[in-house]
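Right, one structure below, let's go through it.
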Amino acid sequence: MSEQTGRLDRGGRIDRSRPMSFVFDGRAYRGFFGDTLASALLANGVHLVGRSFKYHRPRGIYAAGVEEPNALVGLRQGGRHEPNVVATTVELFDGLEASSQHRWPSLDFDVMSVIDRFSRVFASGFYYKTFMGPFRGAWMFYEKFIRRAAGFGDPPLEPDPDRYEKGHAFCDVLVIGGGPSGLAAALAAGRSGARVVLVEDGAELGGALLSRPQGGDTDAWLASAVGELKGLPNVRLMTRTTVFGAYDNLVFGLLERVGDHLPVPAPDQPRQRYWILRARQAVLATGMLERPIVFGNNDLPGVMLASAGRSYVNRYAVIPGRSVVVFTNNDTAYGAALDLKAAGADVAVVDVRGAIGAELDRAVREAGIALHAGCAVARANGRKRVRNVEVCVFDAVRGRIGATKSRLPCDLLLVSGGWTPTLQLLGQRGAPLAYDDKRAMLIAGAVPAGYRVAGSAAGEPGVRQRVASGMRQGGAAAEACGYAPSPEPGVLPVRLPDEPAMTGIAPVAVIPDPPGAGYRKKFVDFQHDVGYDDIALALSEGYESIEHLKRYTTLGMAPDQGKTSSFNALAIAAQMLGRPIAAVGTTTFRPPYRPVSIGALAGAETGLHFKPTRRSPMHDLHARNGAVFITTGLWLRPWYYPMPGESIREAYVREADAVRKSVGMVDVSSLGKIDVQGPDAAEFLNRVYTNAFDTLPVGRARYGVMLRPDGIVIDDGTTSRLAEHHYFMTTTTAGAGAVMTFLEYLLQTAWPDLKVQVTSVTSQWAAIAVAGPRSRDLIASLVRDVDMENAAFPFMGVRQGHLGAIPVRLLRISFSGEMAYEIYAPAGCGETLWRAISDAGPAFDLVPYGIEALGALRIEKGHVAGAEIDGRTTLADMGLARMASKKKPFIGSALMQREGLLDAHRPQLVGLESASGDMALRAGAILCEPGRHQGHGIGFVSSVTYSPALGRHVALGFVSRGLSREGDVIDAVFPLRGEVTPVRVRSAHFVDPEGRRLNA
Amino acid sequence: MLRIACPYCGERDQVEFTYGGDAASGFPALADADLDRWTDAVFIRDNPRGEHRELWQHQHGCRQWLYVVRDTVTHAIQSVVPARDASPAAGADGR
Amino acid sequence: MPEQRSALAAVYRPGRIGAPEGPAAVILSERLSRTLVQVCGWRDSFPQLCRGLEALLSCAIPGDGLRAVSHAGRSIFRVGPERLWVAGAADDDLLRTFVTQAPGEDAVVTEIGHSRTVVRVAGAQARTLLNRGLPVDLDHSVFPVDAFAQSVIHHIPVLVHRTGPEGEAVFDVYVTRDYAVSFWEWLTRVAQALGGQIREAE
């Protein structure tokens, strides 16, 4: 294990008493608690951390925060492996394992880096130009090689063992960002009593203050501000949390990293939590990010943002280089120069500006820093780490460069090209950004209602101004929520120091190649390997719109979403086009601001919990009785009840057989049930059903069909009249929700004058169908207070009585075609009801049956179900034309007369069976005239089963003019398996077409 | 995500609501068998940029159908009234 | 009528969940066999119906969909414009008579007690637990005692009622019965992370 050669002996916000060991690319290193993976690597002198995505160029750590474009690593192993993790945001933990990406066989020696030599071939539009048009076939050949070389990181191949949670949160004022302005905004809003949520991306509050020297003048302020906030019960501080999306109505998406800083999440704790937060006001205190300057070889390891250099030395006590050149176009980089010098590095500054302010100039001289004013770093040299930089005379106003003046040896080049306020969240709301010439930055143009921008995100230059703006915006946000301003609005816990303003900047984004010095690649988007030339090429090919430029070059489309590159691309495009930056515009920002794991978005909704499950009141009993369950929609229903050693086929054939020969019982609790009451109930049902319900006598049930307004069948079911103004409607299991919603829609929008109340009582009632020739005898043995005789209780009769002590509704209706009853009891009595019937069963050869047998029975009988009522079929299609009343209008009665729905060639419901021998048919097969297997054919097979009653396979289907084709043999074609089966058309009523069994 | 101010339940998340289609065209009288009028009501829709009248049901709340005027560009909701109080043809504001 | 079987019978196991020791952040319990009756009316006569109910139940009838009225062991929710739920104890005989004898000329009564499973969620982290799935603000300032909301948790329709006493976080969740096991699985899984206790059903 190597020494931490880059670690300072003193200072920093790390805890030297808590050493941590970690592994990078198989080598062990040491760091401290408080480090990031990036700072720990730098402390160990590791600069080369990855290869670039496209050209496999060596890349080093470029930033110290979320904007890092280069240092993407694979973290953890197995199911917890995560690719493309930004090393600068990974909190170091003991035992951390990380590996570099985009290299083979090793980071140091990468075979694919040969691509870099041909980088001009792989310029913008490479794929479009190479694999479209006449050479499209080449893609087939090259694809596997390209796929192997391309792509970001390696996905995990095992299931993720961690759990994820969702959370809903609400507040008055959301403050995004825990830097000086965010803390001030939270203080101002919190003091006034508003419910405040402050969200900070990092583990610690303080933002940029944490990158100042430890023990410095702002630490006291930070400690007291955080202390006061922690004492306010109405303020919630959320660290390690990112606001990644800003949506309509001040709704925000947040990702809380609950366990990412630990080797594995704590017991029972989620790894991450996805929050949906609703705020009444939002303050963006999101800070700003430093941007690079574009020059030759600007992507060499050892080239880094100036702010990152400052952060490493002050926050992590890591000196990323001993011999440092700072290359800048503005004042702010001097903070890094001075701090690194104070930490013992040898520092020189190259500034594109001819002169700097007197105060700054004096500080630089006193510190012993060499200043090369009016110069630029034209290129960096070195192989896997910067060794020297070429400095040229540079005219920042005209952008003209002279020949190389000198080579400065260095092992670290810090770069500052100015700052870009972090306004992605405003951009997501569609708010325009405006270019501020003086500060050379994009600031908020119009701020949407409910939003405010504070601190450096608003371009405020110094800590005092940032805090003051936070106070102002936080207070105003609370006031907008109706809270009186706090009595001490601007009073700060501790006075902040006066600082010289560091605001000067020369807006230079790119340094041209020095005359006669040859070509070097200059990178704009490090993460997607998009260079200066790519922008030039795209513009020359006419992609002048910034949105087109983005897509053609893929600039800003990598996981970092152009945090360090978008502005420079804009500035370079503006320069090339000879237009002002404001005229070029910006690309659209979309969520997420940072990548969000799919696991977090899914939360608990995975596997069996993807959707909730609905269970019948008798579910536990079925499980105890050995039922095999099947999912139908959200419901879990008994599929069949196998005897020991029985297959599904054997089981359902036995079950269906019992229904035809003795008696069976089936759980039909999932049927939709709707209570319809009111003086206009009869009129209402007359309007929604195609047939009449006002003529239905009390104590009787009637089969009914409903259409959509467009004339297509929506659902069917049986509705009973319990009293003059009281009906009990049943719907199909699948149609229950839609029917309920439709009834409510009609009552509330079309006919609010009707006095009808509809209530879903699906869950109130357990339901059992008892079917078979012995069903009456079985029920009569149990129900004493209802006359079960055929004359007294005929087919379609409805009675109320008791089965044992259970109050029940008895409906004599049938889905199987046998004599049958549906018994409804309050859900909590469902098990008792089932058990009572089942206990009495042996004397009647009762068999419980599942929905496989139920399906077989209804297909034999030619009853339609979901496969036939598929949202395309009319009454006539299903042979139900007689269901349409001619005496009254009903929903759909007008549009069912449309020409297309009356077409005589429409497919009609028929029965089908194999024409040669007994062959199983396939649902979904296309029906065609013999030998003419073209297009959509003349119909399709909708439902299939083996019919226990007929002892052969049968099917329902739709055939053009089917009713007139009884006896014809046509082809059932199943192209997916290359099957053609001749089938004979026949009546859909395979069993008891006269209905004698029903009425027995 | 929208937040919709239900007149009965207060402001709630969009997940509790179901979009119920265009509210600009009313429901013809049931006895009206005119195919053109029904076709207009059921199939023909405007696609306005800006103010849009639409129906939502507070499905997981009070189950009331609501008449909502919403801007299709900004998503801003201008008004929410119970559908039964809005004249189907004219809309909540009487226009 | 025979005893009403709990939809949670097969999965309900009193005891600790999550952290085995320390104070329970959430306390879960089922409220068995609650009587629940829906009373609806018509727009023109509903105020009159409410006056009749006020006399019968000796308490005010809520006027909006935000606050319930709780009195004498009953809670009354206005779940829709002319729609009330009256919840009471298992042996609330007066409520049960509503089903056979409507409490008013224009009253439409539907018994729905079997259609809901009632789970009580209490404890210091009760709000945190519910808000892992419930998209409704439960903060005391906007959700005081007797506030209620019909909403959805993990795609499951629920009515959440904050019951007393004042100063404590106690919520009754009315879950549609056939979703009860799924809801319970969700609830206990999330409760694991907070540490809690399942009490005997009451």
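As a basis for the values below, the full set of heavy atoms in this structure was taken, side chains included, without hydrogen atoms, waters or symmetry mates. Proteins get letters first, then strands, A, B, ... in listed order; numbering begins at 1 in each.
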Handout entry: chain A contacts, top residue of Val142(C), Ile156(C), Val136(C), Asp44(C) (heavy-atom pairs, under 4.5 Å)
Key = Val136(C)

Problem - NZ/NE/NH1/NH2 to OD/OE distance under 4.0 Å, Glu165(A) and Arg271(A) - result: no

Problem - Region of Glu111(C) that comes under 4.5 Å of a non-hydrogen atom in chain A - result: both

Practice task
List the steps, then state whether salt bridge (charged side-chain N to carboxylate O under 4.0 Å, His left out) holds for Arg199(C) with Glu202(C).
Solution key: CA-CA 8 Å; Arg199(C) 292 232 175 111; Glu202(C) 30 179 307; over 6 Å; no

Problem - Candidate list Asp92(C), Val37(C), Thr110(C), test side chain to side chain contact (heavy atoms under 4.5 Å, CB included), partner Phe98(C), passing option - result: Val37(C)

Exercise for the section: Using only heavy-atom distances, determine whether the side chains of Glu256(A) and Trp275(A) contain a donor-acceptor pair under 3.5 Å. Expected result: yes

Problem - Toward chain A, the part of Leu36(C) with a non-hydrogen atom under 4.5 Å - result: neither

Exercise for the section: Evaluate the criterion side-chain hydrogen bond (donor to acceptor under 3.5 Å, both in side chains) for residue pair Asp146(C) and His161(C); output intermediate values, then yes/no. Expected result: CA-CA 6 Å; Asp146(C) 256 337; His161(C) 174 213; 2.7 Å; yes

Practice task
For ring pair (Phe, Tyr, Trp, His ring centres under 6.0 Å), just list the numbers for Tyr179(C) and His155(C), CA-CA rounded to whole Å, side-chain angles, deciding distance to a tenth of an Å, and then say yes or no.
Solution key: CA-CA 10 Å; Tyr179(C) 290 102; His155(C) 310 284; 9.7 Å; no

Exercise for the section: Could you tell me which of Ile806(A), Val761(A), Thr759(A) has the largest number of non-hydrogen atom pairs under 4.5 Å with chain C? Expected result: Thr759(A)

Fill in the blank from the handout: Honestly, the part of Thr128(C) sitting under 4.5 Å from a heavy atom of chain A is neither

Exercise for the section: Under 4.5 Å, counting heavy-atom pairs only, tell me which of Leu138(C), Val190(C), Leu194(C), Leu134(C) racks up the most with chain A. Expected result: Leu134(C)

Exercise for the section: Assess Arg273(A) against Tyr164(A): is NZ or CZ under 6.0 Å from the centre of the six-membered ring, and within 45 degrees of the ring's axis? Expected result: no

Fill in the blank from the handout: Turns out that what part of Arg83(C) lies under 4.5 Å from chain A's heavy atoms comes down to side chain

Exercise for the section: Check Arg236(A), Arg195(A), Arg278(A) against Asp139(C) for a salt bridge (Lys or Arg N to Asp or Glu O under 4.0 Å) and give me the one that passes. Expected result: Arg195(A)

Practice task
Please look at Val11(C) and chain A and tell me whether the side chain, the backbone, both or neither of the residue comes under 4.5 angstrom of a heavy atom of that chain.
Solution key: neither

Completion exercise
Counting heavy-atom pairs under 4.5 Å with chain A, the top scorer among Asp106(C), Thr176(C), Leu130(C), Ile112(C) is Ile112(C)

Practice task
Taking only Lys NZ, Arg NE, NH1 and NH2, and the carboxylate oxygens of Asp or Glu, determine whether Arg280(A) and Asp172(A) approach each other closer than 4.0 Å.
Solution key: yes

Fill in the blank from the handout: Checked His802(A), Arg163(A), Gln269(A) vs chain C; the most non-hydrogen pairs under 4.5 Å come from Arg163(A)

Practice task
Flag the one option from Gln38(C), Arg127(C), Glu185(C), Gln192(C) with the top tally of heavy-atom pairs under 4.5 Å to chain A.
Solution key: Gln192(C)

Completion exercise
One option among His726(A), His725(A), Arg615(A) has the most heavy-atom pairs under 4.5 Å with chain C, and it is Arg615(A)

Handout entry: Test of ring centre spacing under 6.0 Å for Trp765(A) and His114(C)
Key = no

Practice task
Anything in residues 16-33 of chain C with a heavy-atom distance to chain A below 4.5 Å? Please list those residues in order.
Solution key: Gly18(C), Ala19(C)

Problem - Region of Tyr274(A) that comes under 4.5 Å of a non-hydrogen atom in chain C - result: neither

Practice task
Examine distances only and state if a side-chain atom of Asn131(C) and a backbone atom of Gly167(A) form a donor-acceptor pair shorter than 3.5 Å.
Solution key: no

Practice task
Show your working on side-chain contact (heavy atoms from CB on, under 4.5 Å) between Phe728(A) and Thr730(A) and close with a plain yes or no.
Solution key: CA-CA 7 Å; Phe728(A) 178 61; Thr730(A) 64; 4.3 Å; yes

